[in-house]
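Lettering of chains follows the sequences in order, A, B, ..., and the numbering in each one begins at 1. In what follows, every heavy atom counts, from backbone to side chain, and hydrogens, waters and symmetry copies are set aside.
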Protein chains: 2
Amino acid sequence: MSIDSQTAVVRRFNRSYTQRIGVLEDSFLGMGAPLGTMRLLFEIGTHAGTVADLRDRTGLDSGYVSRQLRRLTEDGLVSLTSDPADRRRRLVELTPLGRARWDELEARSAERARALLDPLTERQRDRLARALAEADLLVRSALVTFETVDPLSDGARAAVEQYVAELATFFPFDPGEPSEEDAAEFRPPSGRFVLAVDDGAPVACGGLRDLGDGVAEIKRMWVHPGWRGAGLASRLLRHLERTAADTGHTAVRLDTNENLKSAIAMYDHAGYHRIARYNDNPDATHFFEKPLT
Amino acid sequence: MSIDSQTAVVRRFNRSYTQRIGVLEDSFLGMGAPLGTMRLLFEIGTHAGTVADLRDRTGLDSGYVSRQLRRLTEDGLVSLTSDPADRRRRLVELTPLGRARWDELEARSAERARALLDPLTERQRDRLARALAEADLLVRSALVTFETVDPLSDGARAAVEQYVAELATFFPFDPGEPSEEDAAEFRPPSGRFVLAVDDGAPVACGGLRDLGDGVAEIKRMWVHPGWRGAGLASRLLRHLERTAADTGHTAVRLDTNENLKSAIAMYDHAGYHRIARYNDNPDATHFFEKPLT
DNA sequence: TCGATTCTCTGACTAAGGTCAGCTATATGT
DNA sequence: ACATATAGCTGACCTTAGTCAGAGAATCGA
C-alpha cells in the first residue's frame with residue numbers, strides 16, 4: 001500500500017470516527033456545568049496536585065483555571081488547601097461529592113463506548129476491539145519521541161530500574177546502585193543515553209558507550225512490556241545506530257543472553273552478525289556487531 | 001473477549017487517538033478565520049448547494065449560517081446567487097479564492113494524517129492502515145440504521161436499481177421499470193421494504209412479501225459492495241426475519257442463483273435449509289427456508 | 001387573487017472560553 | 001534585611017458560538 005492510500009485510510013477513518021461520534025467530549029455535557037469546568041473536574045480526579053500542576057497538564061491560562069476552581073469549590077466538588085511545603089501553592093483535590101461526579105463522568109464515557117459496540121454481533125465486536133487495540137499500539141508508538149538525556153536523570157533511572165528488574169527474572173542479575181563513574185561512560189562527548197518517552201513517561205531506553213577503534217557499544221536497551229510488538233525496539237535500535245554514527249563511530253557492538261530469544265531474533269533481522277566474545281561480561285552468551293555505513 | 005474488556009479497548013483508543021491528536025479540527029485553525037467559519041467553508045467546498053442544504057448538513061441555526069456566509073462573501077471566499085428556479089433560495093458556491101483556501105484545508109488535513117504515519121516503518125504503516133480500515137468498516141456498520149420505507153420511495157428505488165445492475169452482471173436480468181402493483185406486495189400490512197441507511201445514503205436493502213400459510217419471502221436483498229465483509233448482510237437478514245415474525249409469519253423462504261456463492265454460504269450459515277423449488281423464477285437455482293421461532 | 005408558507009436575512013441577546021495586567025502573599029538568594 | 005522571583009487570585013476585557021423573534025421577499029395552494 002502506498003503512503004498516499006495509507007494517508008487516505010487514516011483520513012477516512014478520522015472522518016467517520018471523530019466527526020460522526022461525539023467521542024469523549026459529549027460525556028462532559030449535560031452535567032449541569034459547562035464543558036470546560038467538567039473537563040477540569042475530570043483532570044483533577046485523574047490526578048490531584050497543585051494548581052500549577054493542573055495548568056501544566058491542561059495548558060490553560062492561570063486566571064481561567066483560578067476562576068474554574070472557584071466555581072468548582074463553590075459547588076462543593078473540589079477542595080483547595082494550601083501546600084504545607086510552600087504556602088504560596090494550593091493543593092487541589094476532589095471532595096467526596098466531586099468524586100461522585102467524576103465517577104458519573106467515567107460511567108458516561110464507558111456507556112458511550114458501549115453504545116458503539118452494542119449494535120454489533122459478538123464476532124464483529126471482537127474484530128473491532130482487536131483492530132482498535134492494534135491501531136492504538138501503533139498510533140501511540142508513532143507519538144513516542146526519542147530524547148538524549150543524562151544517564152542519572154529521573155527518567156533514565158526509572159527506565160534502567162525496570163530493565164534491571166526484568167533481566168533479574170531471566171538470570172541472577174544485580175548491578176547495584178547506579179554510580180557516577182558508570183554513568184560517565186554514557187555521557188557526551190563519546191557516549192549517549194537515549195530515552196523513548198510517551199506522554200512524559202519513559203517507555204524504552206538504550207545507552208551507547210565508546211569501546212575505542214571507532215566502535216560503540218549498545219547497553220541497557222529495554223522496551224516496556226506493554227509496548228512490545230509495535231516495532232518500537234527496531235526504531236530505538238536504528239536511532240541508536242544513527243546516534244553512534246553521528247558521534248564518529250563506524251561500527252556498533254552489543255552482547256546479550258541466550259534467554260532473550262526475541263532480542264536475538266531482532267538483532268539477526270536488523271543486519272547484525274555474530275562475533276566472538278569481546279568482553280568478560282559473565283551474563284552474556286551472544287555477541288553481535290554491525291558496521292555503520 | 002468480554003464486552004467489558006472490549007469497552008475498555010475502545011475507551012483506551014479514544015483517549016490516545018482523539019485526546020492526543022488534534023485530529024481534524026486543528027486543521028481548521030490558524031487560517032486567519034475562526035474555526036466555525038472555516039468549517040462552513042469546508043462544507044461548501046465539499047458540496048455546493050442552497051443555504052438550506054448547508055444548514056441541513058451542518059445542523060446550524062439559520063441566523064448563524066447567514067452571518068457566517070456574509071463574512072465569507074466579504075472575504076471573497078464564497079459567492080451567493082439567487083436560485084433561478086426559486087428566487088427565495090440562494091445558491092452558495094466557492095469563488096476561485098475560496099477554492100484555493102479549501103485546497104489548503106485539504107492539504108493540511110492530509111499532512112496531519114501523514115504526520116501520524118511518518119515516524120513509522122513501512123511495515124508498521126501498513127499494519128496501521130489495515131487496522132484503521134477494518135475499524136472504519138465496523139464502526140460505520142455499527143451506525144447503520146434499518147428503516148422500513150415505501151418500496152417506491154427514492155431511497156428504495158436507488159437501492160433496487162443498484163441491486164438489479166449488479167445481478168445483471170451475473171446473468172441476463174431485466175425486471176423493467178418498478179410497477180405500482182409489484183410495489184404493493186412489499187407494503188404493509190403483510191409486506192415490508194427495509195432500507196439500511198448510513199449517513200442518509202442507502203447501503204443495503206431487502207423486501208418481505210407474503211406467500212400465504214404464514215410464510216414470508218425475502219426478495220431483493222442487496223448490500224453495497226463497499227460494505228461487504230462487515231457483517232451487514234447478516235444483520236439485515238436477522239432484521240428481516242424479526243420483521244417477518246412481527247407480521248405474523250412462522251417461516252421465511254428465499255431463492256437465489258448458483259452464481260451468488262457468498263450469499264448461499266451466508267444462508268447456510270444463518271440456519272436456512274435447502275428446499276425444493278417453490279416458484280417458477282427462471283433465474284433461481286437454489287431455494288431456502290428457515291422456521292421462525 | 002389572497003392567505004399561508006417558505007427561504008433567507010437582520011437585530012438583539014446570551015453563555016462560554018479565554019487573555020492580560022496587576023495585586024497579594026510567600027519564598028529564596030545574597 | 002532586602003531585592004527579586006514565584007504562586008495564585010481578581011477585575012476588565014475580548015472573541016466565538018449560538019439562540020430567538022421577527023421582517024421582507026418569493027412561492028404555493030385553493
Open item on the list: Tell me which residues in residues 48-58 of chain A lie within less than 4.0 Å of DNA chain D, going by non-hydrogen atoms.
Closed with: T50(A), V51(A), A52(A), R55(A)
Task: OP1 or OP2 of dC9(C) under 4.0 Å from side-chain N/O of R90(B) - done: yes
- [ ] Tell me which of Q68(B) and S66(A) sits closer to the 5' end of DNA chain D, going by the nucleotide each one is nearest to.
- [x] S66(A)
Sequence neighbours left out, what passes side chain to side chain donor-acceptor pair (under 3.5 Å) with [X]? Give chain and number order.
{"X": "S5(B)", "result": "S2(B)"}
{"X": "R89(B)", "result": "D83(B)"}
{"X": "R90(B)", "result": "none"}

Open item on the list: Please determine whether the number of non-hydrogen atoms from other residues, nucleotides or ligands lying under 6.0 Å from atom CD of E93(A) exceeds 12.
Closed with: no
Restricting to salt bridge (Lys or Arg N to Asp or Glu O under 4.0 Å), what partner residues turn up for [X], sequence neighbours left out?
{"X": "R87(A)", "result": "none"}
{"X": "D154(B)", "result": "none"}
{"X": "R99(A)", "result": "none"}
{"X": "D56(A)", "result": "none"}

Task: Nucleotide of dA7(D), dT10(D), dG17(C) approaching R89(A) most closely (side-chain heavy atoms) - done: dA7(D)
Which whole-number value in Å describes the distance from [X] [atom1] to [N] [atom2]?
{"X": "L69(A)", "N": "dG18(C)", "atom1": "CG", "atom2": "P", "result": "14 Å"}
{"X": "L72(A)", "N": "dA16(C)", "atom1": "CG", "atom2": "P", "result": "13 Å"}
{"X": "L40(B)", "N": "dT8(C)", "atom1": "CG", "atom2": "P", "result": "13 Å"}
{"X": "R70(B)", "N": "dC7(C)", "atom1": "CZ", "atom2": "P", "result": "21 Å"}
{"X": "R71(A)", "N": "dG18(C)", "atom1": "CZ", "atom2": "P", "result": "15 Å"}
{"X": "L35(A)", "N": "dG18(C)", "atom1": "CG", "atom2": "P", "result": "9 Å"}

Task: Geometric class of the W102(B)/F42(B) ring pair [parallel <30°, tilted 30-60°, perpendicular >60°] - done: parallel
Grab the N/O contacts between the protein and nucleotides 27-30 of chain D below 3.5 Å, and write none if there aren't any.
from: dT27(D); atom 1: OP1; to: R87(B); atom 2: N; distance (Å): 2.7

Open item on the list: Show every side-chain hydrogen bond (donor to acceptor under 3.5 Å, both in side chains) that has at least one partner inside residues 59-69 of chain B, sequence neighbours left out.
Closed with: T37(B)-Q68(B), Y64(B)-Q68(B)
Show the distances under 3.5 angstrom between N or O atoms of the protein and N or O atoms of nucleotides 19-23 of chain D.
from: dT19(D); atom 1: O4; to: R67(B); atom 2: NH2; distance (Å): 3.4

Please list, one pair per line, the donor and acceptor atoms closer than 3.5 Å that link side chains of residues 71-81 of chain B to other protein atoms, with sequence neighbours excluded.
from: T73(B); atom 1: OG1; to: L69(B); atom 2: O; distance (Å): 2.9
from: T73(B); atom 1: OG1; to: R70(B); atom 2: O; distance (Å): 2.7

